Amino acid sequence: MNFFMSGQLKDNYKIKRMQDELSLLNAHILIVDDEIEIARLTKRIIESFGCVNVNTVNNWKDALNFLEKNTVDLTIMDIDLSSTVDGIDLVKMIKEKYDCAIIYLTGWFNDDVFQKAKSTYPSGYLLKPFDSNSLKAHIEIALHNQTMKQENVILKRAIIQTIVAMEKTVAMKDPYTSRHQNRVSRLAVAIGEEMGLAPDIIEGIRYAGLIHEYGKIFVPTEILSKPGKLSDVQFELIKDHPLKGYEALINIDFPWPIAEIILQHHERMDGSGYPRKLSGDDIMLEARIIAVADVVSSITSYKSYREAKPIKTALDEIETNKNPYSGEQLYDPDVVAACLKLFRENIFSF
Ligand SMILES: [Fe+2]
């Protein structure tokens, strides 16, 4: 393998190997096996790899107790625990509460057991009797994946904190816009759920909704909160906010297409929106959802130039609004249907 590697790649490979070994040395490993001797033997083998934090328990209650009081990175789980709760049931209980990798180590495996075990997303399976090299390889892979997973969680948390900080910036400049963003985010998520969208798409909608007016921080406050009618120039400045938000966010590597959703949230199905006059399916579904939530929240919010209007006015608007020139619907009919259902069946309220 080294034969094909450049110097840089070789160095990266070495560093990765060192990190993997480091996690093997520092890992907290729990062995659950009803046979005391096998548990002890497995512990000794794992300790021979250099691990110093290896513990054993012999039944499911002790396992849960141990996890309650200690950090565990990896559990090596026997499947037949000679009790009503088998190893797979125990893993299900563990996964509800703890973030811990699992390797099944078992003397018996048939297709049913395998299918049941598979549904708990273990990192690996080993059949007894096992050889120590395969056990070591399985543990290394499990710990490596666990580290990657934890790094992803930390990274995602930092991204979400960044989005919340950006929302706070909007709140400091204009509390009304901030309130509106929070309402849009909540309603857009509810619409996404009503439409049965995948959780990851819904998460993107949540965070795009939360900062969809971010570009307004570049619009002077006097214009944002002007009580009377805006001049054409002032209106053009406000209409710039999707593009300004997009430009501010496009170089941040979000796990969701947030910048693009923000850019498109004022596009309309018949092409009458802005800034790019996109139409129909050329507008992202996420942006079509934010658009409807945006209109409903906006109509039912207090504005510097008018009082808040009742929800019925907003629902009438999205249900009937057609472009007076083309006669086409401005909003996605599926999104509108989901939104109407949420309010009319009292599934959602602001
Ligand atoms: Fe907007």
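Counting convention: from 1, in listed order, for ligands and their atoms alike. Keep in mind that what you see is a predicted model, and the values were worked out from it rather than measured.
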Asks: Do you know which N/O/S atom name in Glu213 is closest to the Fe ion (ligand 1)?
Replies: OE1
Asks: Any N/O/S atom, backbone or side chain, of Asp294 lying under 2.8 Å from the Fe ion (ligand 1)?
Replies: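 No, outside the cut-off.
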Asks: Tell me which N, O or S atom of His265 sits nearest to the Fe ion (ligand 1).
Replies: NE2
Asks: Please find out if the Fe ion (ligand 1) and some N, O or S atom of His212 are separated by less than 2.8 Å.
Replies: no
Asks: Is Asp78 salt-bridged to Lys128, cutoff N-O under 4.0 Å?
Replies: yes
Asks: Taking NZ, NE, NH1 and NH2 as the nitrogens, is one of them in Lys43 or Glu47 under 4.0 Å from a carboxylate oxygen of the other?
Replies: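 A salt bridge is present here (some side-chain N lies under 4.0 Å from a carboxylate O).
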Asks: Between the side chains of Arg206 and Glu167, is the shortest nitrogen-to-carboxylate-oxygen separation below 4.0 Å, so that they form an ion pair?
Replies: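 No salt bridge links Glu167 with Arg206.
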Asks: Measure from the ring center of His180 to the ring center of His212 and say whether it is less than 6.0 Å.
Replies: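 Ring centroids of His180 and His212 are less than 6.0 Å from each other.
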